[in-house]
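Side-chain atoms are counted along with the backbone in the values below, which use heavy atoms only and exclude waters and symmetry mates. Counting starts at 1 for both ligands and their atoms, in listed order.
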Amino acid sequence: MTDTLRVAMIGYGFMGAAHSQAWRTAPRVFDLPKKIEMSVIVGRSADAVAEAADKWGWREAATDWREVIARDDIDVVDIVTPGHSHDEIAIAALAAGKHVLCEKPLANSVADADRMAAAAESSSAIAMLGFTYRRVPALTRARDLIASGRIGTVQQVRAAYRQDWLVDPKAPLSWRLKKDQAGAGALGDIGGHAVDLVQFLTGQTLERISGVIETIIAERPVETERVGIAGVGGDEMGEVTVDDLALFTGRLSGGALASFEATRFATGRKNELTVEISGSDGAISFNLEDMNVLHVYDRTGPGVDQGFTRVVVTEPDHPYLEGWWPAGHMLGYEHAFSHQVKDLVDAIDQGTVPAPTFAEGTQVQRVLAAVEESSAQDARWVQV
Ligand code: SOE
């Protein structure tokens with residue numbers, strides 16, 4: 001087996017930047033069992049992808065992903081395109097024997113996700129899904145605390161992912177607002193993160209859903225160009241075909257109820273993913289906008305002076321911290337992508353299957369589909 005993993009990344013938007021940073025950084029921070037070669041970045045526009053290759057450190061730029069995944073000097077395919085192309089690329093890459101890292105959402109439909117999970121199941125190559133927040137140290141630590149029984153039995157869960165980048169009616173009609181490319185709006189893009197996180201932290205799955213989705217602004221200026229990761233709208237207007245917000249309740253397999261909010265209209269909230277898990281013996285609470293901190297409540301503690309303890313999750317023994325800075329020097333949004341690369345490379349070296357798997361991604365897709373089905377039937381309860 002080669003001691004170098006030669007990577008091809010398909011796509012070059014915001015996630016292309018985040019994944020490129022991780023492929024560059026992870027080998028320089030962690031003692032990975034394999035060397036990483038950032039071989040090829042692939043995109044439709046030759047000039048733009050050549051510029052991205054130069055800026056982000058890829059050896060080559062290409063415009064034909066099929067040709068690249070057929071190459072025998074490529075070992076890993078990292079898919080960071082919009083969701084509508086994930087299935088075709090991932091299934092072809094796995095069939096070519098390439099390991100695959102696929103950005104979330106796994107796919108834009110349950111049917112597409114099912115096919116991807118089947119391809120991963122029958123392939124000897126490894127497939128991993130990019131729900132990166134699982135690899136924020138505070139959230140990995142939270143999962144370990146809950147699994148150890150520290151908060152007792154999970155009795156209620158609250159999760160919200162709030163952004164506000166669409167409050168401006170002049171924000172253009174980007175691919176994220178078109179169902180045929182993004183699959184869904186806030187529900188799939190950021191609601192999927194909240195669903196995966198709650199299932200990851202509790203070790204349980206959502207079995208029944210009741211919810212509602214809504215589009216607040218139905219028409220926007222058609223995007224004419226992109227400046228960096230920002231779109232620019234022209235005079236022509238186009239229809240928004242996805243949701244702007246989703247509110248839903250889920251019944252977890254352990255019996256507890258979980259409430260979810262996913263919105264791009266929480267004015268003033270920029271990237272606020274919050275989760276609070278309430279248990280019989282305690283609770284954990286997290287906010288991505290303060291991502292190095294985990295708040296832990298222990299009911300079995302010293303009584304009236306017991307409050308939430310503010311744990312700064314940056315100690316050397318905390319998850320993933322062995323590669324970074326001394327306690328208190330803080331990590332950011334980008335570090336979880338390096339942790340993702342670390343875990344993928346370790347799994348490839350050891351021949352194990354890293355989480356989240358495509359099967360887990362398919363389960364998230366089923367939850368999202370249940371929200372849409374419930375919303376279309378006046379929020380009645382739907383079996384996942
Ligand atoms: C949406 O704005 C978004 O970029 C998501 O698509 C990402 O998955 C999330 O990490 C940050 O917000």
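Look at Tyr161 and you'll find a heavy atom under 4.0 Å from some atom of ligand 1. Ligand 1 has at least one atom lying under 4.0 Å from a heavy atom of His193.
Looking only at heavy atoms of the protein, atom 1 (C) of ligand 1 is closest to Asp189 OD2, 3.0 Å. Shortest contact from atom 2 (O) of ligand 1 to any protein heavy atom: Gln163 OE1, 3.2 Å. The nearest protein atom to atom 9 (C) of ligand 1, hydrogens excluded, is given as Tyr133 OH, 3.4 Å; this is a heavy-atom distance.
The contact set between ligand 1 and Phe14, taken as ligand atoms under 4.0 Å from a residue heavy atom, comprises 4 (O). Close contacts between ligand 1 and Tyr333 involve ligand atoms 9 (C), 10 (O), 11 (C) [criterion: under 4.0 Å to a heavy atom]. Numbered from 1 in the order shown, with element, the atoms of ligand 1 that lie under 4.0 Å from a heavy atom of Arg176 read 1 (C), 4 (O), 6 (O).
Under a 4.0 Å N-O distance rule, the pair Asp189/Lys104 qualifies as a salt bridge. For the pair Arg366 and Glu373, the salt-bridge criterion is not met [side-chain N within less than 4.0 Å of a carboxylate O]. Ion pairing between Arg269 and Asp164 fails under the 4.0 Å rule for side-chain N and carboxylate O.
Annotation: Glu103 places no N or O atom under 3.5 Å from an N or O atom of ligand 1; distance criterion only.
The list of ring pair (Phe, Tyr, Trp, His ring centres under 6.0 Å) pairs with a residue in residues 234-258, not counting sequence neighbours, reads Phe248-Phe260.
The two residues Ile151 and Ala283 have their closest heavy-atom pair at CG2-N, 3.5 Å.
Contact annotation: the side chain of Ser210 never approaches that of Val382 to less than 4.5 Å [non-hydrogen atoms, C-beta and beyond].
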For a quick test of your reading: what N or O donor-acceptor pairs under 3.5 Å do the side chains of residues 49-58 make, sequence neighbours left out?
{"unit_1": "Trp58", "atom_1": "NE1", "unit_2": "Ser20", "atom_2": "OG", "d": "2.9"}

